[in-house]
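The structure's right below; bear with me while I get my questions together.
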There are 2 protein chains.
Amino acid sequence: MEMKSVTRSLRILEAVAQHQPVTVGELTKLFGLPKSTVQRTLVTLNEAGWLRANRKDTTRWEIGARVLAVRPAALQGSSLFAAAREPMIRLRDTLNETIHLSVPDALQSMVVVDRVDCHHAVRTFYGIGDTSPLHATATGRAILAHLPKADVEELISHGLQSFSESTPADPDRLRAEVERVRADGYSVNLNQYRPDVCAVAAPILDEDGTPLASVAVSMPDSRYDAARLPEWGRLVADTAAEIAARRLGA
Amino acid sequence: MEMKSVTRSLRILEAVAQHQPVTVGELTKLFGLPKSTVQRTLVTLNEAGWLRANRKDTTRWEIGARVLAVRPAALQGSSLFAAAREPMIRLRDTLNETIHLSVPDALQSMVVVDRVDCHHAVRTFYGIGDTSPLHATATGRAILAHLPKADVEELISHGLQSFSESTPADPDRLRAEVERVRADGYSVNLNQYRPDVCAVAAPILDEDGTPLASVAVSMPDSRYDAARLPEWGRLVADTAAEIAARRLGA
DNA sequence: CACAACGTTCCACAATGTGGCACGGCCTCA
DNA sequence: TGAGGCCGTGCCACATTGTGGAACGTTGTG
């Protein structure tokens with residue numbers, strides 16, 4: 001609980017990202033802070049290169065490109081990122097469903113880092129940077145299955161939030177789920193987090209077996225076909241394995 | 001010149017990004033700051049979700065995935081990003097040279113936001129988040145050619161740094177270059193920024209003609225063939241136009 | 001076993017960020 | 001045209017907040 005000004009500045013930065021391009025006034029309303037405080041913060045963030053004035057309306061602020069140089073280690077040098085791209089597109093072409101690449105952020109959440117859209121008129125939607133809970137999604141459990149058991153227990157001890165009737169909020173059910181994923185090589189989510197959304201995912205492992213990220217194919221409930229699950233699971237797992245291999249080869 | 005603690009915290013955040021995973025001690029040496037100051041800053045950034053402890057060595061800090069939710073407007077919802085991907089890969093397959101997608105950051109610099117690598121053993125290398133000057137690169141001049149002339153003059157008034165013998169550091173030469181780019185629809189850079197690196201670029205325009213980003217094919221000097229420039233220029237320009245069209249269609 | 005290096009904690013001091021207020025420009029509506 | 005409202009910006013006395021030297025606990029090394 002320290003560095004109030006820094007914490008507040010980062011909150012403001014995040015708010016700008018969500019509402020860009022945004023004015024000082026809009027932000028003061030959003031935070032209930034004095035105008036001068038918000039103004040001073042924006043000027044400081046601008047001088048640091050993290051913010052810039054909108055070209056067309058200079059009273060509006062938006063995120064500067066500087067932030068792109070600040071990325072999680074897993075994406076640094078973009079070896080994972082670059083390695084994943086083509087296999088993801090091929091998987092999308094094979095299944096014609098949206099493919100997501102996600103990385104774990106501590107044990108808190110999975111974060112979407114890349115996306116290849118399907119061509120259907122009805123699509124699932126997650127944006128880059130969006131987060132989801134580890135226990136309630138296919139993408140999260142693909143990671144959990146390859147973490148030390150102590151980590152899974154730690155996650156359980158923090159409490160398992162329920163998002164729908166099918167969320168595995170019960171510790172034993174989650175443990176069984178995770179075992180099954182490790183055995184099968186892929187994870188499945190049927191309406192456990194967002195209603196009407198199903199997904200199949202597989203982990204991308206480091207050379208020493210540490211899970212770095214996961215690939216997932218996600219689709220509306222209406223297009224999910226249980227009979228084809230083994231085939232889809234294999235395809236997703238193969239894609240994840242190919243990405244892992246390419247990453248090491250690079 | 002205000003909010004010293006905020007400015008410093010952001011500098012530290014950037015340093016973590018560059019050196020991750022990094023310890024408190026390494027950062028104190030890097031900045032010459034007291035240990036306690038660095039320590040306090042890291043804890044604050046961690047609590048804000050921007051940093052996290054490395055899983056394998058908890059005394060080392062790395063960038064958290066939270067930053068991915070903070071992106072420049074041009075990439076928001078990743079319409080540009082998603083639209084660019086497949087045309088870039090096709091261009092790479094056609095030319096077998098590395099393709100970059102870059103966006104302008106104010107009039108300061110171009111920032112690489114995406115990359116598709118070629119298959120040659122010898123490649124040009126720019127990482128995501130890397131920056132380059134607007135006047136000295138193909139990717140920058142593709143943007144300049146579609147900005148109001150006042151902006152070009154403003155850039156000139158800030159001074160044109162020279163990076164090699166062929167850098168267009170002379171205002172009149174740059175103005176002529178920019179005119180030529182507008183007429184041709186593509187820009188060229190022959191060793192003007194980095195030695196031995198050549199590039200051909202074209203702008204991706206908004207519906208009202210504002211340049212949002214540029215696509216560039218870059219290659220080692222040794223593989224550049226002047227005779228094929230018109231053909232390559234046309235291919236790059238076509239790719240840029242296709243990306244612009246896809247972006248609007250999405 | 002002792003020393004060195006490191007991450008972490010504490011606390012008195014004052015530098016730093018705060019926010020109420022006032023100014024000036026812009027737009028709207030009478 | 002002019003008054004009123006709204007917005008972004010600049011100022012400054014106050015005290016909250018961040019600072020950094022020093023001391024502590026732990027780890028690993030010669």
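In what follows, chains are A, B, ... by sequence order, proteins preceding strands, each numbered from 1. What you see is a predicted model; the values in this text were computed from it and never measured.
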Rounded to whole angstroms, how far apart are CG on A:Asn54 and P on D:dC7?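 Going from A:Asn54 (CG) to D:dC7 (P), I get 18 Å.
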
Are side-chain heavy atoms of B:Glu14 and A:Val70 found at a separation under 4.5 Å?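 Answer yes - side chains close enough.
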
Nearest-Å distance for atom pair CG/P, residues A:Leu51 and D:dG8: 14 Å

Kindly say whether, by distance alone, the side chain of A:Lys35 makes a donor-acceptor pair under 3.5 Å with the base of D:dG8?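 A donor-acceptor contact between them is present.
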
Measure the distance from CG on A:Leu27 to P on D:dG8 and round it to the nearest whole Å. 9 Å

Can you tell me how far P of C:dG17 sits from NZ of A:Lys4, to the nearest Å? 14 Å

If you check every side-chain atom of B:Gln39, which of C:dG7, D:dG21, D:dT9 has the closest atom? C:dG7

Return the value, rounded to whole Å, for the distance between atom CE of A:Met3 and atom P of C:dA15. 17 Å

Over how many whole Å does the gap from A:Leu42 atom CG to C:dG17 atom P extend? 15 Å

Confirm from the modelled atom types if A:Arg60 and D:dG8 form a donor-acceptor pair under 3.5 Å, side chain to base only. no

Measure CG/B:Asp57 against C1'/D:dG28 and give the value in whole Å, please. 13 Å

Taking the side chain as C-beta and beyond, is there a heavy-atom pair between A:Thr41 and B:Met3 under 4.5 Å?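 Yes; the side chains approach each other to less than 4.5 Å.
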
Is there a donor in the side chain of A:Glu26 and an acceptor in the side chain of A:Trp61, or the other way round, less than 3.5 Å apart? no

Rounded interatomic separation in angstrom, taking CG from B:Asn46 and C1' from C:dT8: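 The answer, rounded to whole Å, is 14 Å.
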
Of the options D:dG21, D:dG18, C:dG19, whose atoms approach the side-chain atoms of A:Arg40 most closely?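 Nucleotide nearest to A:Arg40's side chain: C:dG19.
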
Going by heavy atoms in the side chains, are A:Thr167 and A:His135 under 4.5 Å from each other? yes

Would you indicate which nucleotide in C:dG17, D:dT9, D:dG20 comes nearest to any side-chain atom of B:Thr37? D:dG20

Nearest-nucleotide wise, let me know which of A:Val6 and A:Gly25 is further upstream toward the 5' end of DNA chain D.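 Nearest nucleotide further toward 5': that of A:Gly25.
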
When we call it a touch if two heavy atoms are under 4.0 Å apart, what does A:Ser5 touch: a base, just sugar-phosphate, or nothing?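 Answer is sugar-phosphate: A:Ser5 comes under 4.0 Å of backbone atoms only.
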
Nearest-nucleotide pick for A:Ser36, side chain only, options being D:dG10, D:dG8, C:dG7: D:dG10

Could you tell me whether the side chain of A:Ile204 reaches within less than 4.5 Å of the side chain of A:Leu101, counting heavy atoms only? yes

